[in-house]
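Can you keep this structure in mind? I'll have questions shortly.
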Protein chains: 2
Amino acid sequence: MRTIIFKVVAIDPNIPTPPAADWIVRAEESLRAAGHRSSAPRSAVLELIGNQECVLSAREIADELRDRGRPVGVATVYRTLEVLEAMRLVQRLDVGDGSARYEPALPGGEHHHHHLICDSCGRVTPFEDPRLERAIDDLGRRLDYAVGDHDVILRGVCPQCGRKG
Amino acid sequence: MRTIIFKVVAIDPNIPTPPAADWIVRAEESLRAAGHRSSAPRSAVLELIGNQECVLSAREIADELRDRGRPVGVATVYRTLEVLEAMRLVQRLDVGDGSARYEPALPGGEHHHHHLICDSCGRVTPFEDPRLERAIDDLGRRLDYAVGDHDVILRGVCPQCGRKG
DNA sequence: GTCGATGCAAAGAATTTGCAGGACC
DNA sequence: GGTCCTGCAAATTCTTTGCATCGAC
């Protein structure tokens, strides 16, 4: 099995910044407004997601929280992610390694970005490109389809792996 | 569990056509050239994939072949898809329903397309857009990354579901 | 005859679900 | 105090793997 290393390396124009505190506060408020109760486990998950530098899988979230001494059951992690995704507070990303990964979603397309995935080491790198966004927006308008989200995934070989051959 | 209906509805410019016979012949030749032996089960899988109108999962392939009286073990389907994907004869697509889906890949970007996924019924619809491709190509050239493949997935509500509310 | 391919069944991994107990409002 | 949330474990689902056997070359 290929070893997957997830590390964010900002590359091109407009380096994406982690949303951090803003996102966490907004997420907690949204959940409350939607009638959900607050709880320590859920807060721990929100805090981790909000401060993450990279896309995380449910297992990674559970493991990391356990390591930090705030263990949360995997089922709870999945259930939390389910709610967050339904409320569009997180964005789900499939990099093709067999598990779903999540990252905070910001309102109004703030820090909206896509991902480069290295076929060699599995590294995931975010990037932004206004022209690409415009092309997608225009396309969405032309289609007989109410387009909401979109994902763009580019696969290739990252600089590190490229140098090694 | 949401019922997923897969049906292809051509939409915008350049209606993608199923590659059919061409692809099947090319795939068989490529496999042979790569030193693989031919076999009835493998041919059955190739034939089904080559004539498919939509993205198929491993289970769907196995089920369909069983229904057609040419049963093929699931393991064989997975192993065949693995080889085909490595040789870039099929394109893997993750629509987010928990299983990987595959479609024939044509050489030289022929019939290259992307997908619209209906959040309501799960329908997958292919589309092509030259401008989007150009934006992605240019972007790839600018990045410090050897970009190979790319996937674009648009999610939204299809015309059928939109009408019903 | 050799070695790849197959099928079955077991193993693994990701995700979901049932349920009893605990916490929030 | 009712209801939502949690954790655990069992259940499901998808995918991979071990192994004896079969068949292409």
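In the text below, chain A, chain B and the rest are named by the order of the sequence lines, each starting its count at 1.
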Output the single nucleotide from D/dT6, D/dC14, D/dT15 whose closest atom is nearest the side chain of B/A58.
D/dT15

Side-chain-base donor-acceptor pair under 3.5 Å for A/R37 and D/dT3
yes

Are B/R70 and B/E47 close enough for a salt bridge, meaning some N to O gap below 4.0 Å?
yes

Among D/dT15, C/dA5, D/dC8, the nucleotide that comes nearest once only the side chain of A/A75 is considered:
D/dC8

Describe, in one word, how the ring planes of A/H150 and A/H112 are oriented to each other, choosing from parallel (under 30°), tilted (30 to 60°) and perpendicular (over 60°).
perpendicular

Which listed nucleotide (C/dA5, D/dG7, D/dT15) is nearest to the side chain of B/H36?
C/dA5

Choosing from D/dT6, C/dA14, C/dA5, which nucleotide comes nearest the side chain of B/S39?
C/dA5

Can you tell me if the side-chain N/O atoms of B/Y78 get under 4.0 Å from OP1 or OP2 in D/dT15?
yes

Does CZ in B/R59 sit with more than 12 non-hydrogen atoms of other residues, nucleotides or ligands closer than 6.0 Å?
no

Would you indicate what A/S57 reaches in the nucleic acid, counting non-hydrogen atoms under 4.0 angstrom: base, sugar-phosphate, or nothing?
nothing

Base of C/dG7, side chain of B/R79 - is there a donor-acceptor contact under 3.5 Å?
yes

Using only heavy-atom distances, decide whether a donor-acceptor pair under 3.5 angstrom links the side-chain of B/R42 to the base of C/dG4.
no

Closest approach to the side chain of A/T76, judged atom by atom: which nucleotide of D/dA24, D/dT6, D/dC14 is it?
D/dT6

For a quick test of reading the model, state the closest non-hydrogen atom pair linking A/T76 to A/P41 and the distance between them.
CG2-CB, 4.2 Å

Heavy-atom nearest nucleotide on DNA chain C for A/E82 versus A/A40: which residue maps closer to 5'?
A/E82

